[in-house]
Amino acid sequence: MLRLEGVKSGYGGIEALKGVDLVVRQGEIVALIGANGAGKSTTLKTISGLLQTREGRIVYQGEEIQNLPPEEIVKKGLIQVPEGRRIFPKFTVLENLEIGAYLRRDALGTQADLRYCLELFPILAERRQQKAGTLSGGEQQMLAIARALMARPKLLLLDEPSLGLAPLIIQQIFEIIKIINQERQMTIFLIEQNASLALKSANCAFVMENGHITLSGKAGDLAQSVEVKQAYLGI
Amino acid sequence: MRNLIILFAFALFAFIPQAWAAEPILIGVAGSFSGDLAPYGIPPKNTVMLAAEELNKKGGLLGRRVKIIAQDDVCQPNAATIVASKLMDQKVIAVIGHICSGATNAALSVYRGKKLLVISPSATLPSLTLNGQNPYFFRTIPHDAVQAIRQADFIVDKLKYKQIAIVHDKGDYGKGLAHQLKEALKKRGITPLLFEGVTPGAVDYSALIHKLKRLRPQIVAFGGYHPEASKIVTQARKKGLKMDFISGDGVKDPSFLKIGRQFVEGYYATSPADISTQPLTLEVLKKLKARGQTPGNFGLQAHAAFTALVKAIQAAHSTDPDQIKAALQKNEAQTTLGKIRFDAKGDVIGSGFSVYQVKKGAFIAVD
Amino acid sequence: MTPLLQVRGLKKTFGGIQALDGVDLQIASGEIKALIGPNGAGKTTLFNCLTGMTRPSEGQIFLDGATPLKGLLPHQITKLGLARTFQNIRLFDSLTVIENVMVGAHCRFKANFLDAFFHTRRHLAEEKEIKEKAYYFLEVMGLLQQALNSAKNLAYADQRRLEIARALASEPRLLLLDEPAAGMNAAETAELDQLIVRLKEEFSLSFLLIEHDMKLVMKISDSVIVMDRGRSIAGGSPEEIRKNPAVITAYLGAEGGHA
Amino acid sequence: MRKELLRHLSTAFGLTLLALPLVGMKVDFIEKTLDWRWGRLMGVFALTFSLSWLWRYLLVHRPQQARSSPAPGVLAARAHLLVNQRVLLLLFLVLSLVPWVAGGYQVNILITAMAYITLALGLNIVVGMAGLLDLGYVAFYAIGAYSYGLLHHYLGWGFWQSLGVGGLLAAAMGILLGIPVLRLRGDYLAIVTLGFGEILRLLLENEADFTFGVQGIPNIPKPTFFGFRFDYEGGIVFLFYIMLGILLLAITATKRLQYSRVGRAWMAIRENELAAQAMGIDLTKTKLNAFGLGAFWAGVVGVVFAAKTSFINPASFQFFESAIILSIVVLGGMGSVLGVVLAAILLILLPEYLRFLAEYRMLLFGALMVAMMIFRPQGLVPRLRPRYERDKASKA
Amino acid sequence: MDGQYFFELAFSGLTRGSIYALIALGYTMVYGILGLINFAHGEVYMISAFVGLTAAAICSLLGFSLWAVLLLTLLFAAAYGAAYGYTIEKVAYRPLRGANRLAPLISAIGMSIFLREYVILAQTADFVAFPSLLYNLVEVDFLSDYIGSGELILTLVSLTVLGGLFLFLRYTQTGRAMRAIEQDREMAMLLGVKVDQVISLTFVIGSALAAVGAVLISSHMGQINYNIGFLVGIKAFTAAVLGGIGSVAGAALGGLVLGLVEAFAAGYVSSDYEDVFAFGCLVLILIFRPAGILGQQQSEKV
């Protein structure tokens with residue numbers, strides 16, 4: 001569904017991605033793990049068009065999408081939930097969800113999705129008129145995911161959904177990620193530095209180090225591999 | 001054929017400035033040619049340029065060409081001192097300017113003690129001549145006190161009004177004139193009901209209008225230029241106020257009539273004696289119009305300053321400042337302001353004030 | 001023995017929301033205390049109250065059992081010996097690494113702008129000392145190589161270390177660390193815990209740290225305090241906390257401590 | 001290529017369309033006339049068409065790092081070489097020869113330029129170092145000038161006494177203004193300082209009984225040399241050396257402060273107020289220091305200004321002056337002394353030397369300001385970071 | 001105290017205030033979205049007035065009725081104001097996105113100088129007459145003691161436009177996108193908002209509103225020159241800050257407060273001090289409410 005071939009990109013004079021190859025297959029949950037500064041977030045930003053691809057190709061459903069403007073990529077159903085949630089704090093919960101559907105013109109479908117999101121996250125339904133800035137961290141993360149769902153993504157890109165959240169909340173969020181993946185057949189590309197957590201829920205995974213993919217394979221296999229254990233699970 | 005050759009030679013002579021024998025005589029023009037106050041500085045520059053061109057066409061001055069050096073002081077004291085020292089470095093024999101009293105004051109500190117003739121067309125601050133520190137400073141415009149006394153006399157003696165409100169535009173001309181009027185009225189035992197300034201360019205003057213409506217003065221004296229004057233009188237008339245208005249020469253301007261239309265009927269303005277019918281003035285106005293220029297508020301004063309200077313140089317047959325000074329004070333010169341000369345302090349004689357009133361869309365002398 | 005820091009009945013409301021609802025806390029000299037709790041429990045608000053960045057609505061804070069901290073301004077508290085790091089790193093981005101640490105030493109020196117202008121003896125002596133100190137702390141934190149780089153060009157983990165170096169330069173007695181391991185991988189976290197223990201020994205420091213990484217918390221802390229919805233709901237040794245049922249429901253969830 | 005051509009043609013067409021009612025037509029509502037001025041419009045088209053090419057070319061070739069990190073480039077490295085003490089001293093020696101070879105005009109504008117450099121160095125403390133956006137800086141300049149004007153008029157004080165008092169008075173006002181606005185952040189501070197500048201100017205205008213209002217204060221004397229009074233030329237040359245001395249002091253102060261405890265505290269506040277507080281920096285004291293010291297230089301320059309023009313009025317202290325001084329600081333590259341000097345030369349001397357352009361002078365000046373910001377947003381000379389290298393002795 | 005006088009001044013303040021509010025919107029929207037004080041906004045106002053003059057003259061030459069002249073003038077001025085706003089953003093601000101905060105500010109000051117000089121060169125430095133399009137357009141008897149018909153129209157139009165904008169921002173998807181960009185530009189981009197386009201639109205709307213204000217005020221005051229934008233710009237910006245910059249309701253409220261303060265200061269004290277009161281009021285309010293009347297104090301997360 002999504003394939004990166006030798007992608008290079010970076011900020012200013014710094015090259016953060018030094019030729020990345022990876023594949024995301026339809027219907028799977030794919031995890032990208034690695035230390036901070038390895039280039040995981042840069043990978044996502046490059047896919048969603050916030051950063052320029054300097055070299056290589058990004059192929060999505062058979063179409064090259066590198067260097068399209070972000071809104072074109074969003075239109076194709078590639079939606080990102082960025083690191084740190086980034087909800088709009090001055091909007092109400094409802095407004096946050098509505099702007100998620102910014103590019104959509106089908107009022108009926110949007111309404112249906114709104115109902116679905118509020119069922120998926122009952123706490124959001126409870127707080128629909130509350131300013132999003134007053135939500136707790138966990139609720140904000142849920143809102144961020146729900147907002148992305150409102151755009152009816154084909155491929156959902158999640159950046160560090162567990163960052164700064166308490167373990168209990170993290171569990172809830174990962175359960176919901178699995179539900180979305182199964183109920184809506186949504187493909188999910190997940191970035192996590194909490195490797196054990198990511199490998200538990202993903203089908204397959206890539207390990208990133210210093211701007212390169214160093215390992216890849218089935219999530220279960222990787223969890224057992226010695227290198228991963230040592231470097232990321234601290235076992 | 002021979003005639004043609006002569007004509008050709010003559011034409012050649014006329015079109016090649018290098019043909020002039022000696023070095024040109026340099027005369028400076030200083031004032032605000034850019035910035036907020038450019039509308040007051042540009043017309044004087046234009047009229048002096050015009051006058052100089054005409055003069056050169058007629059053979060120049062003392063057999064030499066006259067060259068005008070125009071310098072922009074933006075009406076700021078600092079720029080004025082810079083411009084003044086630049087004109088000094090270039091060895092001009094006289095300066096027509098500066099425009100604003102403040103800039104003139106600053107520039108005079110550079111010229112002072114230098115025997116450089118300075119003739120301002122517009123700086124009306126009384127102390128510039130009256131303080132006696134600037135023996136080579138002249139002006140073709142009477143200072144504020146002269147005009148203010150004329151206004152006070154007219155209001156008190158002719159109109160017999162005692163309820164007077166004074167409004168000004170906070171600028172150095174407007175507030176200066178208003179201040180002098182207040183002093184003049186004080187001498188006659190009258191305290192104005194109101195003395196305050198409006199901000200030029202504000203979006204609305206209705207607060208002031210309502211205040212006037214409540215105070216019910218018989219006349220409002222406005223110190224300032226015509227744009228504000230017409231805004232105030234228009235708003236007052238639209239609100240149904242019927243009191244009289246009087247202003248100084250800053251208001252007696254054709255655009256005041258055009259812009260104010262029916263609302264400015266009956267407005268009084270003091271201004272130098274009527275000159276618009278004199279042939280010389282008419283001719284200058286016509287030439288200006290042909291160039292797409294306007295005389296503005298001080299263009300004719302600047303033209304007169306230049307003419308008077310030229311006449312004085314011709315009379316003295318020298319560019320020596322003391323001799324020119326003596327000629328300026330002794331000889332009358334026919335100018336766009338009429339026949340003028342200067343008194344011992346440097347103020348103009350011959351350009352007195354009349355009172356005009358707007359009647360049927362024109363300024364008519366009433367006193 | 002009087003505790004180094006004592007907090008009694010601390011309360012804080014933000015526009016109707018009770019962020020702190022009576023927190024009690026004691027830190028003994030030389031102790032590493034961990035503060036855990038779910039997001040929104042009020043941990044960072046507590047930090048802000050302790051360091052004077054937020055004014056508590058009620059309650060008391062004492063240093064050495066005698067010096068009240070409540071009502072003091074942040075810089076006064078720092079001078080008394082409390083230093084902190086921030087959850088979302090707050091470095092002086094465009095200054096160099098060494099300058100960052102030199103700023104940290106600010107409150108221990110006196111030269112004013114006149115000293116600087118006239119290059120008085122005080123100024124020159126102090127500048128020399130500040131610089132040496134700053135290099136020393138960089139060395140401790142292993143950032144010597146980066147000294148002349150811009151702070152913003154550091155790697156994430158180095159930025160966290162620089163924050164600690166900067167805080168150390170203010171010569172604190174109690175160091176408050178807000179999620180020092182956030183964004184670090186397991187190997188880096190392991191380094192961090194050794195470092196904290198080392199600092200404690202070397203500078204006879206006490207610590208109060210907010211952390212989500214349970215492994216780190218369990219490994220290095222002498223005691224743990226758990227907060228939930230603005231209250232301290234439990235306290236004790238790491239072992240006790242791990243078994244406390246109230247803590248498990250509020251925070252750790254069914255999976256227990258091995259996340 | 002054809003696409004490029006089309007692009008520039010359409011840009012030029014669009015801009016000409018914009019110019020149509022202003023450049024191409026002139027109406028007089030009273031005379032009911034409408035002039036078409038096609039010639040001028042064609043000129044606009046030709047001009048915008050060629051400018052469009054140039055603009056595009058420059059934008060494409062704009063150095064990439066201009067947008068991201070202002071890495072100290074070659075220019076900065078060279079600048080560092082330039083501004084060592086010895087070169088600076090040499091520069092001053094050369095400058096001090098100017099009055100002997102040039103006329104009053106050159107001396108006059110050089111005083112002005114040096115005055116603006118000093119003003120910019122003062123504002124640089126507030127904006128560049130401490131990061132407090134001050135749009136009313138001209139107020140302190142006015143306080144200095146009026147201190148001299150009024151002290152001279154009412155008490156007969158001379159230049160030298162007033163110089164100290166003017167500076168200190170401005171500093172005191174800076175601190176006084178600083179107290180209520182300390183809580184304000186960024187642009188709120190900007191508008192309040194702008195308001196303060198306007199209020200001060202309006203008070204100077206309105207309180208005519210004390211300040212002489214819009215008429216201004218004339219006949220302010222030039223400085224004397226141990227009681228010796230110069231003629232105008234001598235006075236202005238003497239003032240030139242005084243200003244040179246003040247500038248030298250201001251540069252020394254700026255450079256020394258950058259490498260000091262107080263200077264680092266200012267920069268820390270600029271970078272991150274909260275972290276600065278947490279590092280034990282007293283916000284109030286440090287900010288007031290910056291306000292006071294910045295205002296001090298403005299006050300001192302104000303006194304010199306009053307002596308130079310010998311006449312002051314409120315109109316000399318308008319918002320535009322604050323804007324120009326701020327532009328010098330930003331265009332120079334905040335915090336760089338050499339940058340400030342270069343920018344002051346550009347912004348103060350350029351319009352002076354552009355006089356031959358007459359009425360197009362200010363138009364070009366405005367356009368240049370925009371262009372310079374776009375092609376060098378980080379300033380002409382980015383501040384070089386102080387290099388605190390470890391002493392050899394302690395390394396061993 | 002004289003009740004009638006009080007109401008007269010109140011209406012006078014309302015007139016001023018509604019104009020300040022209208023122009024303040026341009027500042028507040030641009031500030032909200034870019035964090036930039038758009039110093040050239042006052043110049044857009046001024047240029048629109050000149051365009052309005054040209055349009056009004058042409059329309060009257062063509063012999064249209066007074067209402068038609070007014071409408072067409074408003075339309076033309078708004079279109080041109082919008083086009084100028086759009087161009088200014090594209091030339092002077094867009095290349096500076098991501099540069100340090102002060103660079104666009106200086107660029108704006110340069111732009112403002114450029115535009116003033118441009119109008120002087122293209123038109124004139126003199127005051128020129130602007131037709132009185134509002135006077136005698138309607139007769140309002142019951143209020144005529146307090147407020148003229150022109151002022152009434154001016155106030156009503158301003159308030160209507162303000163209300164319309166408020167609804168636009170609140171209830172349309174584009175309006176919502178604007179507010180989203182205000183809060184988090186990159187995130188808005190990730191939701192498919194064409195950020196550059198929306199920013200341009202912000203300039204277009206703000207400038208069109210300033211143009212409407214310019215035509216109304218010019219026909220109220222009867223004259224324009226190249227300098228009219230400066231004072232109005234500063235006042236409108238003050239109003240925006242007073243109300244809490246970034247907030248549309250704040251701009252409206254700030255404009256009204258400022259207008260009333262000025263009118264009462266002029267009426268009860270002296271016009272000499274109306275500006276002193278205006279800025280003094282700003283300083284006072286900001287000391288007690290550092291983010292303006294309606295501005296939310298940004299509680300920075302530590």
Side-chain angles (χ1 to χ4, degrees), chain D residues 14-15 17-19 21-23 25-30 32 34 40 55 59 62 66-68 127 133 180-181 183-188 190-192 194-196 198-199 202-203 205-206 274 319 323 326-327 329-331 334 359-360 362-363 365-374 377-378, chain E residues 31 35 37 47 50-51 53-58 60-61 80 83-84 87 91-92 95-96 98-100 102-107 109-123 128-131 234 237-238 241 245 272-273 275-276 279-280 282-283 286-287 290-292 300 302:
Chain D
L15 290 174
L17 199 67
L18 274 189
L22 291 167
V23 179
M25 301 183 206
K26 180 149 165 72
V27 298
D28 186 327
F29 197 78
I30 291 154
K32 304 262 184 242
L34 167 63
R40 297 174 82 179
W55 190 259
L59 263 189
R62 181 162 74 149
R67 259 176 281 169
S68 51
V127 180
L133 183 51
V181 302
R183 288 171 61 204
L184 301 177
R185 269 164 216 275
D187 298 308
Y188 287 92
I191 186 73
V192 169
L194 189 153
F196 172 73
E198 287 293 299
I199 288 176
L202 291 165
L203 288 180
E205 278 180 7
N206 289 335
L274 268 170
F319 167 70
L326 182 67
S327 307
V329 175
V330 177
L331 180 65
M334 299 212 278
E359 63 263 44
Y360 292 95
M362 290 310 284
L363 185 83
F365 178 72
L368 272 177
M369 254 170 98
V370 176
M372 283 191 287
M373 270 303 114
I374 284 170
Q378 75 278 42
Chain E
Y31 187 89
I37 304 175
I47 284 179
F50 273 93
V51 173
L53 173 64
T54 309
I58 293 175
S60 338
L61 283 177
Y80 259 91
Y84 269 94
T87 313
V91 171
L96 284 174
N100 87 53
L102 287 178
L105 186 74
I106 303 299
S107 182
I109 292 174
M111 200 65 195
S112 158
I113 296 175
F114 175 83
L115 291 173
R116 286 154 61 94
E117 298 294 321
Y118 160 71
V119 170
I120 293 179
L121 290 171
Q123 291 277 304
V128 290
F130 196 98
I234 292 264
F237 184 62
T238 305
V241 173
I245 195 155
D272 281 335
Y273 288 95
D275 294 344
V276 175
F279 289 119
L282 170 81
V283 173
L286 286 189
I287 286 169
E300 209 172 338
V302 182

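Just so we're clear, the structure is a prediction, and the values are computed from it rather than from any experiment. Just so we're on the same page: letters track the sequence lines, and every chain starts at 1.
Partners of D:Val23 by side chain to side chain contact (heavy atoms under 4.5 Å, CB included), not counting sequence neighbours, listed by chain and number: D:Ala19, D:Arg40, D:Leu41, D:Val44, E:Tyr118, E:Ala122.
When each of E:Leu61, E:Val128, E:Leu53 is checked for a side-chain contact (heavy atoms from CB on, under 4.5 Å) with D:Val27, only E:Leu53 meets the rule.
In terms of non-hydrogen atom pairs under 4.5 Å with chain E, the most contact-rich of D:Ile191, D:Leu184, D:Val329 is D:Ile191. Heavy-atom pairs under 4.5 Å with chain E peak, among D:Val192, D:Val330, D:Leu18, at D:Leu18. For the options E:Leu105, E:Leu121, E:Val283, E:Ile37, heavy-atom pairs under 4.5 Å to chain D are most numerous at E:Leu121.
Contact annotation: the side chain of E:Pro95 approaches that of D:Leu59 to within less than 4.5 Å [non-hydrogen atoms, C-beta and beyond]. The shortest side-chain heavy-atom distance between D:Met373 and E:Leu96 falls under the 4.5 Å cut-off. Considering only heavy atoms from C-beta on, E:Leu102 comes within 4.5 Å of D:Leu133 through its side chain. In this structure, E:Phe114 and D:Leu368 have side chains that are not in contact, with every pair of non-hydrogen atoms separated by 4.5 Å or more.
Here the closest non-hydrogen pair linking D:Leu17 and E:Tyr80 is O-OH, 2.6 Å. Between D:Ser327 and E:Ile106, the shortest heavy-atom contact is CA-CD1, 3.7 Å. Summarising the geometry of D:Met362 relative to E:Ile113, their closest heavy-atom pair is O-CG2, 3.7 Å, with the distance given to 0.1 Å. Nearest approach of E:Thr54 to D:Met25, heavy atoms of both residues: CG2-SD, 3.4 Å. Across every non-hydrogen atom of E:Gly110 and D:Val370, the tightest pair is C-CG2, 3.7 Å. What you find for D:Ile374 and E:Val91 is that their closest heavy atoms are CD1-O, 3.1 Å.
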- Message: With side chain to side chain contact (heavy atoms under 4.5 Å, CB included) as the criterion, how do E:Tyr273 and D:Leu203 come out once you've worked through the C-alpha distance, each side chain's angles and the decisive distance to 0.1 Å?
- Response: CA-CA 8 Å; E:Tyr273 288 95; D:Leu203 288 180; 4.1 Å; yes
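Without hydrogens or angle criteria, D:Asn206 side chain to E:Asp272 main chain gives a donor-acceptor distance under 3.5 Å. Between the side chain of D:Tyr188 and the backbone N or O of E:Val241, no donor-acceptor pair lies under 3.5 Å.
A distance of 9.5 Å separates CG of E:Asp275 from CD of D:Glu205, quoted to the nearest 0.5 Å. Taking CZ of E:Phe237 as the start and CG of D:Leu194 as the end, the distance is 8.0 Å to the nearest 0.5 Å.
Heavy-atom distances place no part of E:Ile120 under 4.5 Å from chain D, backbone and side chain included. In this structure, chain D has heavy atoms under 4.5 Å from both the backbone and the side chain of E:Ile287. E:Ile58 touches chain D through its side chain: at least one heavy atom from C-beta onward sits under 4.5 Å away, while N, CA, C and O do not. Neither the backbone nor the side chain of E:Ser112 comes within contact range of chain D; no heavy atoms are under 4.5 Å apart.
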